[in-house]
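Order of the sequence lines fixes the chain letters, A, B, ..., with proteins taken first and strands second; residue numbering starts at 1 for each chain. In what follows, every heavy atom counts, from backbone to side chain, and hydrogens, waters and symmetry copies are set aside.
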Amino acid sequence: MVMMDVPTKVVYERPAVLDPRVTHYCPGCTHGVAHRLVGEVLEEMGEVGNTIGVASVGCSVFAYNYFNVDFVEAAHGRAPAMATGIKRLLPERTVFTYQGDGDLASIGMGEIVGAASRGELLTVIFINNTNYGMTGGQMAPTTLPGQVTTSSPTGRDVTRQGHPIQTSELLATLEGAAYVVRRSLHNVREVRRAKKAIRTAFEVQKKGLGFSLVELLSTCPTNWGLSAAEAREWVEERMLPYFPLGDYKISPAVAELDL
Amino acid sequence: MAKELIKGNTAVAEAALRAGLEAYFGYPITPQTELLEHLSLRMPELGRVFVQAESELGAINMVYGAACTGKRVMTSSSSPGVSLMMEGLSYIAGTELPAVFVDVVRGGPGLGNIAPAQGDYIQIVHGGGHGDYRVLVLAPASVQEAVDLTGLAFDLAEKYRSLVCIMMDGSLGQMMEPAEIPPMQPLKTEIPDWAVRGTDGGEKRFLTSINLDPPDQERLNYRLMTRWQEIEANEVRYKGYYLDDAEFVVVGFGTAGRVSLSAVRATRDKGIKVGLLRPITLAPFPNAILNELAEKVEGFLVVEMNAGQMLEDVRLVVRGRKPVEFFGRMGGVVPFPDEVLTEIERLTAGPLTTEGHPRDRWLARMAEVLG
Ligand SMILES: Cc1ncc(C[n+]2csc(CCOP(=O)(O)OP(=O)(O)O)c2C)c(N)n1
Ligand code: SF4
């Protein structure tokens, strides 16, 4: 057999900013995908050495183990406040928080609204998986009507347990929020769109245009009791109708960005 | 530098700023608000960070983040706000970060009132946030002392990577007195090695209070406690008045200590040999001097603006060797020197006992006062 000297081109590799180690995430969980997208964007922007991440309390509590950037770990819900403290003192640095839906939209609603309304120059990666993953799948503020969780065992009854919060829609009403969008990680097309949004969000921060947040519909096969493939379908069938993908806030300055 | 007539809260704010404060995060609450207001003007003027947070929870977590950068940062509040800060304080302690907070204590529990009190002693000195940690607590008794302790607070926080609380009360915060504020210090230029800043291609740093493996957590707890031993050995501060020949000693801190001093002087004028021990560090507590006094004096009177919180620390050191009596006013009521004088006279007239609990005897007397 003749070995041909074919020029090779790398089309896919692990971003160097991500530590080459096995994560503690469950198989089929899209936390890993979200990490990867953030890592790729930071690398493409040349921001790795200039970034400080703020991990939150939830399944991503150990995010700081996976990113080779400076990191701090916040109290439950308080990542936007902690990030505010860092960014205000180190305005040249890129600062992002990585938060789940229980963290951001329940216990941390005050902190996220405060940060967004002040127009803090932060980027928030917001993982919406409709439950409290880390503590074993309890009802979250994003749990869908009728959805069974360990603390809504007969399905979320909105008359007793309230309605799911549409976080992006809510935050988009705030003047300080420059860029608020919802994307999903349930298929390749949406993953690519999610990456673009994450890039835009970090650019918004770099250019000082205001607060930016990317909500990512994410899977939690373990607590949903589904296989990885079924979980992705569940996102499409159940989550998308209640959490429509889209751009909820594009400030005029962001609209002018040419990326 | 000349003395100026200045309010306690404002003086502490200006002293902190001149000590090189780079970021302040706070939330309005009486009787502390002037501190926040002063910095809301001064910090931006100097190109430094001032943020009025969405709550005290937000404020203390901003301090948490800001402290991770290794710069001089602080917050201030009053009792109900400090309760909200307990979560963040515990995280700051667990991450071994230096930070300063001021508690201008008011009457409580609950919303209570906005009058001066010392009811937060147990919360700040012995408790507060969850987990095993200690806070260095400084208790000034005048505006000048508050100013002097403010600069010290930052030095101590950095020296021990520890939380330092300046515990004042509403009267110190609100009162105007002549005080000399030290000149402006240059900002710190050295960033400690542990501070996050962006890797710039080097090793990454991370700061966290999570230690899932109990042996790791235990090592951290051990480190915190051995550091505390060092603080106990080196940082005790107090002021003694007329202790040399004292036969009886009044123990009181902050405003209660100051009121007691007037009473002690009046008693001295009557020829009764009374002294005053005024702890300046409530933690670490001045155990050694108290222990020494317990060997030679005839009895103690503890005076507080609460129902006897420091009292228990005094009793722990005196250990029944000498009688300890208590006098307190609560809920924002400040004792008058005359009241303390009466209590001193009661103590010195005897009979003295080491039986029972001084709080019970005091409560019985209070029944008459309150009607
Ligand atoms: C003050 C406080 N309350 C409760 C908890 C327990 N807790 C840990 S993670 C978590 C839920 C996190 O859920 P979410 O933010 O949705 O993230 P996920 O795990 O789903 O990624 C809770 C309630 C805590 N750590 N701190
Ligand atoms: S519990 Fe859910 S969110 Fe957490 S790692 Fe597993 S799949 Fe992901």
Side-chain angles (χ1 to χ4, degrees), chain A residues 16-19 24 42 46-57 61-95 97 107-120 122 134, chain B residues 22-25 27 43 47-73 75 84-92 94-95 97 99 129-130 187 191 194-212:
Chain A
V17 62
L18 293 184
D19 211 67
H24 70 290
L42 292 179
E47 281 297 307
V48 171
N50 192 44
T51 295
I52 298 167
V54 183
S56 67
V57 177
V61 67
F62 293 122
Y64 58 78
N65 281 331
Y66 307 136
F67 289 93
N68 289 320
V69 305
D70 274 9
F71 241 96
V72 299
E73 160 56 37
H76 198 17
R78 320 284 175 238
M82 207 178 176
T84 297
I86 296 173
K87 181 72 180 187
R88 291 284 186 125
L89 277 172
L90 303 174
E92 303 303 320
R93 300 303 192 179
T94 290
V95 179
T97 72
I107 195 167
M109 194 52 114
E111 283 67 40
I112 194 70
V113 169
S117 68
R118 289 190 304 269
E120 296 292 342
L122 305 170
M134 190 192 207
Chain B
E22 290 196 62
Y24 172 91
F25 308 90
Y27 189 84
M43 293 294 274
R48 305 187 194 172
V49 175
F50 170 89
V51 180
Q52 180 171 325
E54 62 273 13
S55 67
E56 289 85 352
L57 260 179
I60 194 67
N61 282 283
M62 290 175 193
V63 167
Y64 186 19
C68 287
T69 69
K71 306 198 177 188
R72 290 204 154 171
V73 298
T75 184
L84 264 186
M85 290 183 180
M86 285 302 156
E87 176 196 72
L89 293 172
S90 169
Y91 280 74
I92 291 170
T95 313
L97 299 172
H130 58 282
L187 295 183
I191 297 298
W194 48 259
V196 296
R197 69 203 73 182
T199 62
D200 288 322
E203 281 287 295
K204 86 165 171 195
R205 298 174 175 82
F206 62 88
L207 291 168
T208 177
S209 69
I210 195 171
N211 286 290
L212 274 195

- Contacting region of A/Val54 [heavy-atom separation from chain B under 4.5 Å]: neither

- Mind checking whether A/Val72 and B/Tyr64 have side chains closer than 4.5 Å, heavy atoms only? no

- Assess the side chains of A/His76 and B/Tyr91: does a donor N or O sit below 3.5 Å from an acceptor N or O? no

- Item | B/Tyr24, part contacting chain A, at a heavy-atom distance under 4.5 Å | neither

- Give the minimum heavy-atom separation between B/Glu22 and B/Lys71, together with the two atoms involved. OE1-CD, 3.5 Å

- When the 4.5 angstrom heavy-atom criterion is applied to A/Val69 and chain B, the contacting part is backbone

- Best-contacting candidate, B/Val73, B/Thr69, B/Thr199, B/Leu57, against chain A by heavy atom pairs under 4.5 angstrom: B/Thr199

- Task: Please determine, among B/Gly202, B/Gly88, B/Ser90, B/Gly198, the option with the most heavy-atom pairs under 4.5 Å with chain A.
- Result: B/Gly198

- For B/Glu87, is it the side chain, the backbone, both, or neither that has a heavy atom closer than 4.5 Å to a heavy atom of chain A? side chain

- Determine the minimum heavy-atom distance between B/Ala66 and B/Phe25, stating which atoms define it. CB-CE1, 3.6 Å

- Task: Against chain B, label A/Phe67 side chain, backbone, both or neither, depending on which of its atoms sit under 4.5 Å from a heavy atom there.
- Result: backbone

- Message: Which heavy atom of A/Ala79 sits nearest to which heavy atom of A/Ser56, and what is that distance?
- Response: CB-CB, 4.5 Å

- Spacing of A/Glu111 atom CD and A/Arg78 atom CZ [to the nearest 0.5 Å]: 4.5 Å

- Message: Could you work out, with salt bridge (Lys or Arg N to Asp or Glu O under 4.0 Å) as the rule, every residue matching B/Arg72, not counting sequence neighbours?
- Response: B/Asp155, B/Glu158

- Query: Within the side chain of B/Asn61, is there an N or O that forms a donor-acceptor pair under 3.5 Å with the backbone of A/Met82?
  - Reply: no

- Item | Contacting moiety of A/Leu89, where chain B heavy atoms sit under 4.5 Å | both

- Aromatic ring pairing A/Phe71/A/Tyr64, orientation class (parallel under 30°, perpendicular over 60°, tilted between): tilted

- A/Ala75 versus chain B, heavy atoms under 4.5 Å apart: side chain, backbone, both or neither? both

- Item | Proximity breakdown for A/Arg88 and chain B, heavy-atom pairs closer than 4.5 Å | both

- Message: Is B/Val196 close to chain A through its backbone or its side chain, or both, or neither, when contacts mean heavy atoms under 4.5 Å?
- Response: both

- By a 4.5 Å heavy-atom criterion (distance strictly below it), what part of A/Ile86 contacts chain B: side chain, backbone, both, or neither? both

- Part of B/Arg48 within contact of chain A (heavy atom distance under 4.5 Å): neither

